[in-house]
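Contents: one structure, followed by commentary.
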Amino acid sequence: MFVTYGNTTKGAGHEGVGTKLIQDIVKKHDGFLDFIHKDETFTVKIKIPAIQ
């Protein structure tokens with residue numbers, strides 16, 4: 001039921017589940033999710049097939 005997934009960068013009191021929810025949606029649609037945190041920049045790349 002509960003899944004540990006990464007760490008939040010928002011500080012105390014924040015659960016940090018946003019990226020996990022995005023990943024679940026992308027996987028449901030057979031897509032690809034890539035995220036990178038480098039030099040104070042967080043980049044998310046999402047690819048979802050246009051044709052099923």
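Under a hydrophobic clustering in which Ile, Leu, Val, Met, Phe, Trp and Tyr are joined whenever their side-chain heavy atoms come within less than 4.5 Å, directly or via other members, F32 and F42 fall into different clusters.
Shortest non-hydrogen contact noted between P49 and G31 is CD-CA, 4.0 Å. Taking each heavy atom of L33 and V26 in turn, the nearest pair found is N-CG1, 4.0 Å.
Atom CG of D34 sits about 8.5 Å away from atom NZ of K47, to the nearest 0.5 Å. Note that the CD1 atom of I48 and the NZ atom of K27 stand 13.5 Å from one another [nearest 0.5 Å].
In this structure, the side-chain contact (heavy atoms from CB on, under 4.5 Å) partners of L21, at least two apart in sequence or on a different chain, are V17.
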